[in-house]
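What follows is a single structure, and I will ask about it in a moment.
Numbers for residues simply follow the sequence, beginning at 1.
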Amino acid sequence: MKNDVTLYNKQEVPESTIDYTDYSEWYNQQIKINHQLKLQEWVNELKDAPINLEVLPATIKSNTVSSMGLAIDSTLLEKLEKYSAKENVSLFSVLLAAYFKTTSAIEKNDKQVVGIPVSGRDFGNVNNVIGLFRNSLPIYVDLSKVRNDSELVLKTQSRILSAMEKQEIQTYEIEEAMGENNLFNNYFIYQDSISSDNFKMDGLEIQTELIRKQGMFNIKWEFVKIDGCLQALIEYRNELFNESEIMYLKKYFLEILKGIIKE
């Protein structure tokens, strides 16, 4: 506008020292710098994490999987939701904290790392784009540095929020920056709420079922809230776990959850 006024007054407009191309180059450079800063934050957060260099343990031959269900009834779910609201934390954070404490006790290792999925749609301009943008992020917690369950839940939520802020950094980028092959062998999923696995249309009912014969992870926990209850499916590699071990894992996990809300 200032230049328009200058020209209207028949005055000479000073020659610009930069143009839009210069600005575009500068802006793209800022994006790269920000990307590198977030990548370095990931490296710093994971520098002490117990990272397994093997994509598959040497004992894995057939890599077959089995699965087992886990149900959290409406009474316990209500108590968990009340605890979450009181402590201002997400239900996901509570569940993941209980998972960390369970695996830490069983593995006798305070340092725990697990992968979680993110949509990869944190930028508004991709919300209506058809395609898969999902990324997986490593969440690392050292239980030796928390004094009680409440601190563990808060630490877990802090790690999740930190990861979400850097979710555009791809897993392979972190692995390359750290010189590692595999950031995590375990996976944890939480879906907030669905009404059913079945989709009904007039005169047609569609039922989806996923049958997986080979495992991508040593163990994967997938939670989903259905009709007021919390259902989970634990998928595990047969050569690493047996049914009785998973049964014990389920029982211990539920005890941990009940202990968190009583604390």
As an exercise, state the distance from CG of N185 to NZ of K220, rounded to the nearest 0.5 Å.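 Atom-to-atom, N185:CG and K220:NZ are 14.0 Å apart.
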Of the non-hydrogen atoms in S144 and D110, which two are nearest, and what is the gap between them? CB-OD2, 3.4 Å
Which heavy atom in I160 sits nearest to a heavy atom in S93, and how many Å separate them? CD1-OG, 3.7 Å
Quick check on E243: does its CD atom have over 12 non-hydrogen neighbours (other residues, nucleotides or ligands) under 6.0 Å away? no
Let me know which of V94, V89, L152 forms a side chain to side chain contact (heavy atoms under 4.5 Å, CB included) with Q157. V89
Looking only at heavy atoms, which two atoms of Q231 and A71 are closest? And how far apart?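 Smallest interatomic distance, heavy atoms only, reads OE1-CB, 3.7 Å.
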For N135 and I169, which heavy atoms make the closest approach, and how far apart are they?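 Nearest pair, atom of N135 first, then I169: ND2-O, 2.9 Å.
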Honestly curious: do L240 and M68 fall in one hydrophobic cluster under the side-chain, below-4.5 Å linking rule? yes
Set out, in order, the CA-CA distance, both residues' side-chain angles and the distance that settles side chain to side chain contact (heavy atoms under 4.5 Å, CB included) for I234 and K250, then state yes or no. CA-CA 9 Å; I234 305 173; K250 285 173 47 178; 3.5 Å; yes
First locate atom CD1 of I219, then atom OG1 of T103, and finally report the distance between them rounded to the nearest 0.5 Å.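 Between atom CD1 of I219 and atom OG1 of T103 there are 9.0 Å.
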Close side-chain approach of Y83 to S150, heavy-atom, < 4.5 Å: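 Yes; the side chains approach each other to less than 4.5 Å.
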Value rounded to 0.5 Å, distance of CG in L80 from CG in L76: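 Reported value, rounded in 0.5 Å steps: 4.5 Å.
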When rounded to the nearest 0.5 angstrom, what is the spacing between CZ in F188 and CG in L96?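 One gets 5.5 Å once the value is rounded to the nearest 0.5 Å.
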Side-chain donor or acceptor of R237 paired with backbone N/O of V65 under 3.5 Å: no
side-chain contact (heavy atoms from CB on, under 4.5 Å) partners of S162, counting only residues at least two apart: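 Only E45, K166 meet the side-chain contact (heavy atoms from CB on, under 4.5 Å) criterion with S162.
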Any donor-acceptor pair under 3.5 Å from K38 side chain to E165 backbone: yes
Does a side chain donor of either Y236 or S67 reach within less than 3.5 Å of an acceptor in the other side chain?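 Side-chain D/A pair, Y236 to S67: absent.
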Would a distance-only check, ignoring hydrogens and angles, find a side-chain to backbone donor-acceptor pair under 3.5 Å from E151 to R147?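 Flag set: sc E151 to bb R147 pair under 3.5 Å.
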So E255 and K258, do their side chains get closer than 4.5 Å, heavy atoms only?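 Contact flag for K258/E255 side chains = no.
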Taking side chain as C-beta onward, heavy atoms only, is P50 less than 4.5 Å from Y140? yes
Just jot down the salt bridge (Lys or Arg N to Asp or Glu O under 4.0 Å) partners of E81, sequence neighbours excluded, or say none. K225
Distance from T102 atom OG1 to L254 atom CG, nearest 0.5 Å?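 Output value for this atom pair is 8.5 Å.
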Please say whether more than 12 non-hydrogen atoms of neighbouring residues, nucleotides or ligands are located less than 6.0 Å from NZ in K155.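 No - once you tally the heavy atoms of other residues, nucleotides and ligands closer than 6.0 Å, there are 12 at most.
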Using the rule that Ile, Leu, Val, Met, Phe, Trp and Tyr join whenever any side-chain heavy atoms are under 4.5 Å apart, tell me whether L70 and Y248 fall into a single cluster.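 As far as the 4.5 Å side-chain criterion goes, Y248 and L70 are connected within one cluster.
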Is there a path of hydrophobic side-chain contacts, each under 4.5 Å between heavy atoms of I, L, V, M, F, W or Y residues, that connects L233 with V114? no
List the residues meeting salt bridge (Lys or Arg N to Asp or Glu O under 4.0 Å) with K251, not counting sequence neighbours, and say none if there are none. none
Passes side chain to side chain contact (heavy atoms under 4.5 Å, CB included), D142 versus D48? Steps please. CA-CA 9 Å; D142 185 350; D48 296 323; over 6 Å; no
Residues D149, K101: salt bridge by 4.0 Å N-O rule: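 Yes, this pair counts.
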Rest of the hydrophobic cluster containing L37 (Ile/Leu/Val/Met/Phe/Trp/Tyr, side-chain heavy atoms under 4.5 Å)?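 Same cluster as L37: I33.
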Which atoms form the tightest heavy-atom contact between L183 and P138, and what is the distance? CD1-CG, 3.9 Å
Does either side chain, that of Q112 or that of E107, offer a donor lying less than 3.5 Å from an acceptor on the other one? yes
Is the distance between the ring centroids of Y190 and W221 under 6.0 Å?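 No, the ring of Y190 stays outside the 6.0 Å limit from the ring of W221, centre to centre.
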Ring centres under 6.0 Å, that's the criterion: do F223 and F253 meet it?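 Yes, ring centres under 6.0 Å apart.
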Under the salt bridge (Lys or Arg N to Asp or Glu O under 4.0 Å) rule, collect the residues that match up with K82, sequence neighbours excluded. E78
Note: L137 and F184 closest approach over all heavy atoms is C-CE2, 4.2 Å
Identify whether L161 and L95 are in the same connected component of the hydrophobic contact network (ILVMFWY, side-chain heavy atoms under 4.5 Å). no
Kindly say whether Q170 contributes a backbone atom to a donor-acceptor pair with the side chain of E173 at under 3.5 angstrom? yes
Check against side chain to side chain contact (heavy atoms under 4.5 Å, CB included), N186 and V113: CA-CA 8 Å; N186 300 338; V113 61; over 6 Å; no
Which distance, rounded to the nearest 0.5 Å, do you find between the NZ of K79 and the CG of D73?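 The distance works out to 9.0 Å.
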Can you list the residues that meet the ring-ring contact (aromatic ring centres under 6.0 Å, His included) rule with F100, with sequence neighbours excluded? none
